[in-house]
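Just the heavy atoms: all of them, side chains too, but no hydrogens, waters or symmetry mates, feed the values below. Every chain is numbered from 1, with letters handed out A, B, ... down the list of sequences.
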Number of protein chains: 4
Amino acid sequence: MHLILDLDSEAPIYQQIRDRVVEAIAEGRLAAGASLPSTRQLAVDLAINFHTVNKAYDLLRREGIIRISRKSGAVVRPDAGQGPAEPQAVADWERRARTLLAEAVVRGVPREELVDRIRVALDGFGVGRGDT
Amino acid sequence: MHLILDLDSEAPIYQQIRDRVVEAIAEGRLAAGASLPSTRQLAVDLAINFHTVNKAYDLLRREGIIRISRKSGAVVRPDAGQGPAEPQAVADWERRARTLLAEAVVRGVPREELVDRIRVALDGFGVGRGDT
Amino acid sequence: MHLILDLDSEAPIYQQIRDRVVEAIAEGRLAAGASLPSTRQLAVDLAINFHTVNKAYDLLRREGIIRISRKSGAVVRPDAGQGPAEPQAVADWERRARTLLAEAVVRGVPREELVDRIRVALDGFGVGRGDT
Amino acid sequence: MHLILDLDSEAPIYQQIRDRVVEAIAEGRLAAGASLPSTRQLAVDLAINFHTVNKAYDLLRREGIIRISRKSGAVVRPDAGQGPAEPQAVADWERRARTLLAEAVVRGVPREELVDRIRVALDGFGVGRGDT
DNA sequence: GTGGTCTAGACCACT
DNA sequence: GTGGTCTAGACCACT
């Protein structure tokens with residue numbers, strides 16, 4: 001799994017790892033059931049502290065996106081994106097989406113362009129397309 | 001201007017203020033040219049320190065969303081959302097949107113529902129609709 | 001005298017007035033001995049408080065750039081830009097110039113471009129050209 | 001890094017710190033990639049509050065001149081002064097330069113002396129000389 | 001009356 | 001150990 005960090009960003013590294021993994025799953029680069037690199041391996045690859053990778057994986061586990069076991073390490077949950085989403089998580093997501101959309105509107109991005117950009121992004125995601 | 005904070009949220013208070021103001025502008029509750037409460041006043045209303053409000057207003061100013069002067073306090077920029085958006089800001093926005101969309105996809109929100117929710121949110125925004 | 005203010009700027013209005021007057025003198029739009037508008041007139045033209053204009057004029061007077069008398073109001077000093085500059089003022093000016101140049105260099109403006117831009121600016125100034 | 005403040009100056013302390021750091025980078029005393037003192041350390045050295053240093057560093061970060069991380073503290077961006085300067089920033093810079101030059105002209109500094117002083121200042125800057 | 005700056009100290013987040 | 005956030009209060013600058 002290739003994964004690019006932006007050390008200049010104000011976003012914490014563990015959050016960036018979490019975000020990139022989520023994107024990789026959405027894009028289909030990380031299939032359901034696939035293994036993530038070991039925390040130590042990824043830490044070496046990214047030249048960061050292994051506790052930071054640990055924190056990212058733990059976050060993904062708590063979000064129900066991956067499973068972690070001593071035997072098989074971290075794997076993408078086979079049912080990720082299958083069952084209905086948790087109402088609580090969806091409500092929270094919707095609030096964040098609202099803020100993000102409001103920002104674009106206030107910045108003067110035309111609605112058509114906005115919807116287009118969202119469509120393009122969604123088209124890049126192979127998971128959950130309904131034809132799976 | 002009514003504005004609700006979540007003190008339990010991990011999002012800093014100043015960021016929440018910024019987000020709520022942006023939403024209020026997008027919704028049309030805060031019109032272009034309208035005054036925001038003074039930093040001290042809003043601090044009293046929200047039962048927080050005025051420096052925190054200051055930081056939020058300063059952030060909005062640097063984003064080009066409000067104008068601040070010692071004379072007239074903070075006002076929504078009359079040209080907010082008028083001119084074309086800055087490419088840099090739009091690129092940054094798109095990255096954040098991608099991450100957010102990926103999360104929804106991975107959580108199993110169907111695409112139709114996703115697009116619907118976005119449409120509903122956009123319909124709640126009065127600004128920049130083109131027919132104004 | 002036409003004079004444009006930027007109310008969005010963080011620079012105080014009195015400082016902007018002072019700066020614009022200095023530029024007008026350098027450009028030759030305000031000749032040595034010429035009268036400035038009365039403080040009340042300028043305040044009306046700029047839609048600002050007349051105390052603010054007063055403060056700007058007082059600053060120009062203290063800098064030795066204009067003379068103020070009850071009889072003839074504010075006039076550009078006839079000897080502005082004639083005699084040798086005050087060493088103290090020049091030293092102070094040089095420090096500010098150093099900071100400004102350092103900023104351009106750090107931002108990556110090539111030296112040739114830097115010198116060119118300065119030359120162009122100086123060419124727009126009619127006063128003190130030596131051929132007067 | 002040695003750095004001298006003028007507590008009597010009307011320029012805010014955080015701005016002075018920012019200006020001195022920019023000069024140190026232009027002079028080559030602070031190389032690309034070099035570390036700045038920690039906010040707390042510099043505050044002790046300058047006998048000021050660490051929040052003031054924080055504000056200066058935050059300003060430098062927003063200007064894209066330094067990078068800040070909790071791990072390695074503040075470092076001069078390796079690419080500072082490398083890529084082409086932002087047009088917006090250059091336009092703003094040019095306006096300030098115009099005002100500064102006008103002031104010198106009005107004060108009676110001869111053009112030759114003016115250009116000489118600028119050349120001398122630029123010669124003191126090791127960064128971006130093209131022959132490096 | 002408004003925002004801006006500075007000091008001071010507490011506590012937290014990240015690595 | 002580093003920076004980030006928040007509170008608190010004083011004083012100043014601008015209009």
Side-chain angles (χ1 to χ4, degrees), chain A residues 5 7 9-17 43 46-56 59, chain B residues 5 7 9-17 35-43 46-61 66-75, chain C residues 5 7 9-17 43 46-56 59, chain D residues 5 7 9-17 35-43 46-61 66-75:
Chain A
L5 296 182
L7 297 175
S9 166
E10 41 202 314
I13 294 173
Y14 80 91
Q15 182 73 48
Q16 291 186 47
I17 295 174
L46 299 174
I48 58 174
N49 194 299
F50 111 95
H51 289 111
T52 307
V53 180
N54 240 327
K55 186 161 183 177
L59 178 57
Chain B
L5 295 182
L7 296 178
S9 164
E10 53 197 309
I13 295 174
Y14 77 89
Q15 182 72 48
Q16 291 186 48
I17 295 174
S35 284
L36 278 70
S38 79
T39 48
R40 261 94 173 170
Q41 186 57 52
L42 187 54
L46 298 175
I48 58 174
N49 193 279
F50 91 89
H51 286 112
T52 305
V53 180
N54 229 323
K55 188 162 185 176
Y57 279 17
D58 190 52
L59 180 56
L60 286 161
R61 182 185 61 73
I66 69 172
R67 210 158 66 174
I68 299 176
S69 75
R70 290 180 225 248
K71 193 176 140 202
S72 22
V75 299
Chain C
L5 296 182
L7 297 174
S9 165
E10 42 202 314
I13 295 173
Y14 80 90
Q15 181 73 47
Q16 291 186 48
I17 295 174
L46 299 174
I48 58 174
N49 194 298
F50 111 95
H51 289 111
T52 307
V53 181
N54 240 326
K55 186 161 183 177
L59 178 57
Chain D
L5 296 182
L7 296 177
S9 165
E10 52 197 309
I13 295 174
Y14 77 88
Q15 182 73 48
Q16 291 186 48
I17 295 174
S35 284
L36 278 70
S38 80
T39 48
R40 261 94 172 171
Q41 185 56 51
L42 187 55
L46 298 174
I48 58 173
N49 193 280
F50 91 88
H51 287 111
T52 307
V53 179
N54 228 325
K55 189 161 184 176
Y57 279 16
D58 190 52
L59 181 55
L60 286 161
R61 182 185 60 75
I66 67 172
R67 210 158 65 175
I68 299 176
S69 75
R70 289 181 226 246
K71 193 175 141 204
S72 23
V75 299

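Counting non-hydrogen atoms under 4.0 angstrom, C/I48 reaches nothing in the nucleic acid. Residue-level contact check: C/Y14 touches the backbone only, with heavy atoms under 4.0 Å from sugar-phosphate atoms and none from bases.
Comparing D/S38 and B/P12 along DNA chain F, the residue whose closest nucleotide (by nearest heavy atom) sits nearer the 5' end is D/S38. Comparing A/T52 and B/S69 by the nucleotide of DNA chain E that holds the closest heavy atom to each, the one mapping nearer the 5' end is B/S69. In terms of position on DNA chain E, the residue among B/Y57 and A/A11 whose nearest nucleotide sits closer to the 5' end is B/Y57.
The two residues C/S9 and C/A11 have their closest heavy-atom pair at OG-N, 2.8 Å. Taking every heavy atom of both residues into account, B/L36 and B/Y57 meet most closely at CB-OH, 3.4 Å. Across D/S72 and D/S35, no two heavy atoms sit closer than the pair O-OG, 4.5 Å.
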A/L59/A/Q15 under side-chain contact (heavy atoms from CB on, under 4.5 Å): CA gap, chis, key distance, verdict: CA-CA 9 Å; A/L59 178 57; A/Q15 182 73 48; 4.3 Å; yes

Intermediate values then yes/no, salt bridge (charged side-chain N to carboxylate O under 4.0 Å, His left out), D/D58 and D/K55: CA-CA 5 Å; D/D58 190 52; D/K55 189 161 184 176; over 6 Å; no

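Residues D/N54 and D/N49 form no side-chain contact, since every pair of their non-hydrogen atoms from C-beta on lies 4.5 Å or further apart.
The outermost nucleotides of DNA chain F lying under 4.0 Å from heavy atoms of chain B, listed 5' to 3', are F/dT5 to F/dT15.
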Bracket notation of DNA chain E in which parentheses pair within the strand, [ ] cross earlier pairs, and | pairs with another strand (Watson-Crick or G-U, under 3.5 Å): ||||||||||||||.

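Note that the CD atom of A/E10 and the CD atom of A/Q16 stand 10.5 Å from one another [nearest 0.5 Å]. Going from atom CD1 of C/I48 over to atom CD1 of C/I13 covers 5.5 Å, rounded to the nearest 0.5 Å.
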